[in-house]
*Asks:* 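The structure's right below; bear with me while I get my questions together.
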Amino acid sequence: MTATVLVINSGSSSIKYQLVDPEGGEALASGLVERIGEERGRLRHTSAAGVVEHMDPIPDHGAGLRMILDLFATVGPRLDEAGVVAVGHRVVQGGAYFGGPAVADDRVIEVIERLSPLAPLHNPANLRGILVARELLPGVPHIAVFDTAFFRSLPERAATYALDREVARKYRVRRYGAHGTSHQYVARMAAQLLGRPMAELRQVVLHLGNGASASAVDRGRAVDTSMGMTPLEGLVMGTRTGDIDPAVMFHLHRIGGMSVDEIDDLVNRRSGLKGLAGVNDLREIHTLVAAGDRDARLALDVYVHRLRKYIGAYAAILGGLDVLTFTAGVGENDDIVRAEALAGLEFLGIELDPARNAGRKKEATVISTDSSRVAVLVVPTNEELEIARQAVSLL
Ligand code: ADP
């Protein structure tokens, strides 16, 4: 019997789950419970038996997880026969505490709770998932896997903001990063695809989804990343500004009369590609650009300019580059963004092969020329598999 891991990603009103075979990498079932606490909840469960959907009220996370477990029992695969060796829980903020996965015991739960002010939307929701799952699945170890853990290794000079040190210490202000599970998985898969040990490679990973982040990975260790204390910093994203002069916020408050909450909403949910072009999906941006829309063209230019800036900066921090990898929704599917981001970077040793770059990539692929000094890759990310593997690594 194969060993499997149930991976749970609990949000404020949702639970995403996957039953994963960490060895083979296969997902045996997956699903999503949505609109917990609302009038009409929704559950979608996908397995070998097909897709099952329910529309029932789901009062809380406990009820949601109970419905999921019922579906495993009735539709399959049956968890008692699936060899579940652990439940892996995604936790967004591990602060300066967790550099790897941790058994979600009472002490760890208390730390996750204490870190909630750094991720007020996420950590409490992640915790809710852990608590109900521990109750409903008491027979297996529950492992917390942190989105920040891969970046726990950042050198102090990269993690520290040039802010008054007492204030920074008191409020725990520093760069924690995010998407770490994806960056770690992709960096490892990139080395594997090239058949070279991580310990030899200077890598840049570009995780470009609706949220987007870049990382510099020096011989397996993350040495810089673009997201900061929160996921707002860095690259241009679907709806977030990424890097922006913080004094813009004071200006909007003092001169524009906007409240802190309004500014928070503006820079996180109404900016980025959406703010510039009116839409946040790059497919729609390309359609608008092709139709001659100048706002969309500028949005794409700003997006690509920021990417190029980070590629250059990280090449400098790493003292050269061996591998550059694209991942997530945009990185895996958007050949225009990939081509524009790397155009004219031959001086860094980057030569994209237009034919190899063309189209969407469902598998790990080399898209640079054979003579390119830097291997350019697309590697589809798989955070659930990485969580499952990290959970198993603790057993
Ligand atoms: P999330 O951050 O929500 O996990 P994803 O990694 O799924 O996001 O990425 C979603 C984004 O990927 C979409 O907003 C869109 O911009 C982009 N995307 C998805 N498919 C394509 C495609 N075929 N071509 C270009 N961009 C795409």
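We number each residue from 1, following the sequence as shown. First listed ligand is number 1; within each ligand, the first listed atom is number 1.
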*Asks:* Give the numbers and elements of all ligand 1 atoms closer than 4.0 Å to a heavy atom of Val330.
*Replies:*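 Listed by number with element: 12 (O), 16 (O), 17 (C).
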*Asks:* If we ignore angles and hydrogens, is there a donor and acceptor under 3.5 Å between the side chains of Tyr161 and Glu233?
*Replies:*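 A donor-acceptor contact under 3.5 Å links the two side chains.
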*Asks:* Less than 4.0 Å between a side-chain N and a carboxylate O, is that true for Lys361 and Glu332?
*Replies:*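 The answer is no: the pair does not qualify as a salt bridge.
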*Asks:* Look at atom 13 (C) of ligand 1 and say which protein heavy atom is nearest, naming residue and atom and giving the distance to 0.1 Å.
*Replies:*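 Among all protein heavy atoms, the one nearest atom 13 (C) of ligand 1 is Asp281 OD2, 3.8 Å.
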*Asks:* Take Val103 and Val108 through the test side-chain contact (heavy atoms from CB on, under 4.5 Å) and record every step on the way to the result.
*Replies:* CA-CA 7 Å; Val103 175; Val108 164; 6.0 Å; no
*Asks:* Nearest protein heavy atom to atom 10 (C) of ligand 1, by residue and atom, and its distance?
*Replies:*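 So the nearest neighbour among protein heavy atoms is Asn210 N, 3.9 Å.
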*Asks:* Using the salt bridge (Lys or Arg N to Asp or Glu O under 4.0 Å) rule, take Asp322 and Arg202 through it: C-alpha gap first, then chi angles, then the decisive distance, then the call.
*Replies:* CA-CA 5 Å; Asp322 302 303; Arg202 294 162 298 179; 3.0 Å; yes
*Asks:* Can you classify the ring geometry of Phe72 versus His45 as parallel (below 30°), tilted (30 to 60°) or perpendicular (above 60°)?
*Replies:*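 Because their plane-to-plane angle is over 60°, the rings of Phe72 and His45 count as perpendicular.
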*Asks:* Tell me which protein heavy atom sits closest to atom 23 (N) of ligand 1, plus the residue, atom name and distance to 0.1 Å.
*Replies:*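 For atom 23 (N) of ligand 1, the nearest protein heavy atom comes out as Asn333 CB, 3.5 Å.
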*Asks:* Yes or no on side-chain contact (heavy atoms from CB on, under 4.5 Å) for Val140 and His142, after CA distance, side-chain angles and deciding distance?
*Replies:* CA-CA 6 Å; Val140 281; His142 290 255; 4.2 Å; yes
*Asks:* Could you tell me whether some N/O pair between Gly209 and ligand 1 is separated by less than 3.5 angstrom?
*Replies:*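 Checking ligand 1 against Gly209, no N or O pair falls under 3.5 Å apart.
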*Asks:* Taking distance alone, with N or O pairs closer than 3.5 Å, would you say Gly329 contacts ligand 1?
*Replies:*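 Checking ligand 1 against Gly329, an N or O pair does fall under 3.5 Å apart.
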*Asks:* Might you check, step by step, whether the distance between atom 16 (O) of ligand 1 and some protein heavy atom is under 4.0 Å?
*Replies:*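 Yes, there is one.
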*Asks:* Is His286 in polar range of ligand 1, meaning some N or O pair under 3.5 Å apart?
*Replies:*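 No, there is no polar N/O contact under 3.5 Å.
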*Asks:* Kindly say whether Met227 contributes a backbone atom to a donor-acceptor pair with the side chain of Arg175 at under 3.5 angstrom?
*Replies:*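 Checking the backbone N and O of Met227 against the side chain of Arg175, a donor-acceptor pair under 3.5 Å is found.
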*Asks:* Can you find a non-hydrogen atom of Gly211 under 4.0 Å from ligand 1?
*Replies:*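 True for this residue.
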*Asks:* Considering heavy atoms of the protein only, find what lies nearest to atom 24 (N) of ligand 1 and give residue, atom and distance to 0.1 Å.
*Replies:*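 Here the nearest protein heavy atom works out to Arg283 CG, 3.4 Å.
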